[in-house]
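Let me begin by presenting the structure, written as structure tokens, before commenting on it.
We count residues from 1, following the sequence as given. As a basis for the values below, the full set of heavy atoms in this structure was taken, side chains included, without hydrogen atoms, waters or symmetry mates.
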Amino acid sequence: MGEILIKQLKTAYGEMILGSFEDKICVCDWVYRSMRNSIDKRIQDGLKASYSEGDSPLLRELVQQLDEYFLKKRTEFDIPFLTVGTDFQKSVWVALTKINYGQTRTYSGLAEMIGKPEAVRAVGSANGANAIAIIIPCHRIIGKGGSLGGYAGGVNTKRKLLELEGQPLLNWED
């Protein structure tokens with residue numbers, strides 16, 4: 001069985017769990033989220049590996065890049081990552097990486113981006129199953145009427161991340 005090196009990171013936006021497997025980031029997620037156990041199980045089963053607390057140059061690089069992002073000194077991430085999920089989930093996550101810093105899309109807009117406009121609910125579920133937050137920017141997806149929708153790190157964290165990226169929040173509702 002392989003090993004996923006994990007460590008925790010406290011940020012002004014919430015506590016995160018970071019993990020790497022074979023020199024790729026496989027976890028960059030919020031510690032306190034409703035799907036924490038099922039996501040951890042999916043990643044460990046998918047990679048046939050278990051979590052082991054530790055550190056590595058790659059995890060230190062991720063911490064540095066996240067710090068730069070939170071300080072508004074970074075708008076893109078340049079770090080190798082590995083997603084674990086279904087083909088459909090992966091297609092949603094790839095589409096998310098194409099939404100630039102400071103931009104938002106709706107769930108229906110994301111469904112259109114992957115060529116499945118009828119799959120809005122499934123897109124929302126895949127968005128919620130993302131285990132590589134911020135790098136795969138699921139926080140940039142909002143509801144059609146301008147509502148924030150849900151977010152693994154909590155709606156308040158989502159609002160703060162969007163504010164960090166310069167999004168005007170005048171008419172956003174929870």
Side-chain angles (χ1 to χ4, degrees), residues 1-70 74-101 105 107 110-111 113-116 119-141 149-155 157-158 161 165:
M1 186 167 235
E3 181 178 65
I4 301 166
L5 276 181
I6 61 162
K7 69 185 277 181
Q8 291 197 2
L9 174 67
K10 290 185 180 181
T11 77
Y13 296 82
E15 199 166 331
M16 302 187 81
I17 179 172
L18 312 177
S20 68
F21 178 77
E22 296 183 351
D23 293 322
K24 291 187 176 131
I25 298 301
C26 60
V27 181
C28 179
D29 204 3
W30 305 102
V31 170
Y32 304 107
R33 65 170 294 176
S34 62
M35 295 173 57
R36 176 81 277 131
N37 290 338
S38 63
I39 286 177
D40 291 341
K41 182 176 180 355
R42 182 185 80 220
I43 291 167
Q44 290 177 71
D45 289 352
L47 297 176
K48 295 178 178 53
S50 59
Y51 285 172
S52 177
E53 288 205 28
D55 205 356
S56 69
L58 182 64
L59 288 174
R60 287 190 292 278
E61 176 64 23
L62 175 58
V63 168
Q64 180 179 333
Q65 289 193 24
L66 286 168
D67 286 346
E68 291 168 357
Y69 169 82
F70 293 135
R74 174 176 291 275
T75 59
E76 294 179 357
F77 291 86
D78 179 22
I79 199 155
F81 63 86
L82 170 69
T83 56
V84 178
T86 65
D87 289 343
F88 179 81
Q89 288 172 324
K90 289 178 181 182
S91 71
V92 170
W93 300 333
V94 166
L96 285 167
T97 64
K98 296 178 179 161
I99 302 170
N100 292 330
Y101 181 94
R105 295 285 185 279
Y107 292 95
L110 183 57
M113 283 177 73
I114 66 163
K116 304 230 182 237
V120 176
R121 285 182 187 264
V123 161
S125 292
N127 198 53
N130 175 26
I132 306 179
I134 302 175
I135 296 169
I136 298 177
C138 53
H139 64 280
R140 295 180 186 151
I141 302 301
Y151 187 61
V155 175
T157 298
K158 183 175 187 172
L161 291 172
E165 294 187 10

Exercise. Where the side chain of Arg105 meets the backbone of Met113, is there a donor-acceptor pair that is under 3.5 Å apart?
Worked result: no
Exercise. Any donor and acceptor pair, going by atom type alone, linking the side chain of Lys48 with main-chain N or O of Gly2 inside 3.5 Å?
Worked result: no
For this session: Quick one: closest heavy-atom pair of Ala129 and Ile39, and the distance?
Result: O-CD1, 3.9 Å
Seminar exercise, completed: Residues Leu110 and Ala95: closest non-hydrogen pair is CD1-CB, 3.7 Å
Exercise. Heavy-atom distance under 4.5 Å between the side chains of Ile99 and Leu96, does that happen here?
Worked result: yes
Seminar exercise, completed: In terms of heavy-atom contacts, Cys26 and Phe21 come closest through SG-CB, 4.0 Å
Seminar exercise, completed: To the nearest 0.5 Å, atom OG1 of Thr83 lies from atom CD1 of Ile135 at 12.0 Å
For this session: Can you see which heavy atom on Glu3 is nearest to which on Ser52, and at what distance?
Result: OE2-OG, 3.1 Å
Exercise. If only atom types and distance count, is the side chain of Trp93 paired as donor or acceptor with the main-chain N or O of Ala126 below 3.5 Å?
Worked result: yes
Exercise. Quick one: are Leu58 and Pro80 in side-chain contact, heavy atoms under 4.5 Å?
Worked result: yes
Problem set entry | Value rounded to 0.5 Å, distance of CZ in Arg60 from CG in Leu62 | 12.0 Å
For this session: May I ask you to check whether over 12 heavy atoms, not counting those of Glu53, lie within 6.0 Å of atom CD?
Result: no
Problem set entry | Thr75 side, atom OG1; Asn100 side, atom CG - distance, nearest 0.5 Å | 8.5 Å
Exercise. In terms of ring plane angle, is the pair Phe77 and Tyr69 parallel, tilted or perpendicular, where the classes change at 30° and 60°?
Worked result: tilted
Exercise. Under a 4.5 Å cut-off applied to non-hydrogen side-chain atoms, are Asp29 and Arg36 in contact?
Worked result: yes
For this session: Report yes if the side chains of Tyr51 and Val27 come closer than 4.5 Å at any heavy-atom pair, otherwise no.
Result: yes
For this session: Count the heavy atoms belonging to other residues, nucleotides or ligands that lie under 6.0 Å from NZ of Lys116, then report whether that count exceeds 12.
Result: no
For this session: Considering only NZ, NE, NH1 and NH2 on the basic side and carboxylate oxygens on the acidic side, decide whether Asp67 and Arg74 come within less than 4.0 Å.
Result: no
Problem set entry | Backbone of Asp78 reached by a side-chain donor or acceptor of Gln65 within 3.5 Å | yes
Exercise. Taking all atoms of both residues into account, what is the closest heavy-atom pair of Ile4 and Ala49, and its distance?
Worked result: CG1-CB, 3.6 Å
For this session: Measure the spacing between CD of Glu22 and CG of Leu47 and express it to the nearest 0.5 Å.
Result: 8.0 Å
Exercise. Hey, mind stepping through Leu66 and Thr11 against side-chain contact (heavy atoms from CB on, under 4.5 Å) and telling me if it holds?
Worked result: CA-CA 9 Å; Leu66 286 168; Thr11 77; 6.0 Å; no
Exercise. What residues, two or more places apart in sequence or in another chain, satisfy side chain to side chain donor-acceptor pair (under 3.5 Å) together with Lys41?
Worked result: Asp45
Exercise. Are Trp30 and Met16 close enough that some pair of their side-chain heavy atoms sits under 4.5 Å apart?
Worked result: yes
Exercise. Are the side chain of Arg140 and the backbone of Thr97 linked by a donor-acceptor contact shorter than 3.5 Å?
Worked result: no
Seminar exercise, completed: side chain to side chain contact (heavy atoms under 4.5 Å, CB included) with Cys28: of Leu18, Ile79, Leu9, Asn130, only one passes, and it is Leu18
Exercise. Does a side-chain heavy-atom distance below 4.5 Å link Glu76 with Tyr101?
Worked result: no
Exercise. So, does Asn127 use its side chain to make a donor-acceptor pair with the main chain of Ile141 at under 3.5 Å?
Worked result: no
For this session: Of all the heavy-atom pairs spanning Arg42 and Ala131, show the shortest one and how long it is.
Result: NH2-CB, 3.9 Å
For this session: Would you indicate whether the side-chain heavy atoms of Leu161 and Phe70 approach each other to under 4.5 Å?
Result: yes
Exercise. How far does CZ of Arg33 sit from CD1 of Ile17, to the nearest 0.5 angstrom?
Worked result: 11.0 Å
Seminar exercise, completed: dist Gln89:CD -> Ser125:OG (nearest 0.5 Å) comes out at 8.5 Å
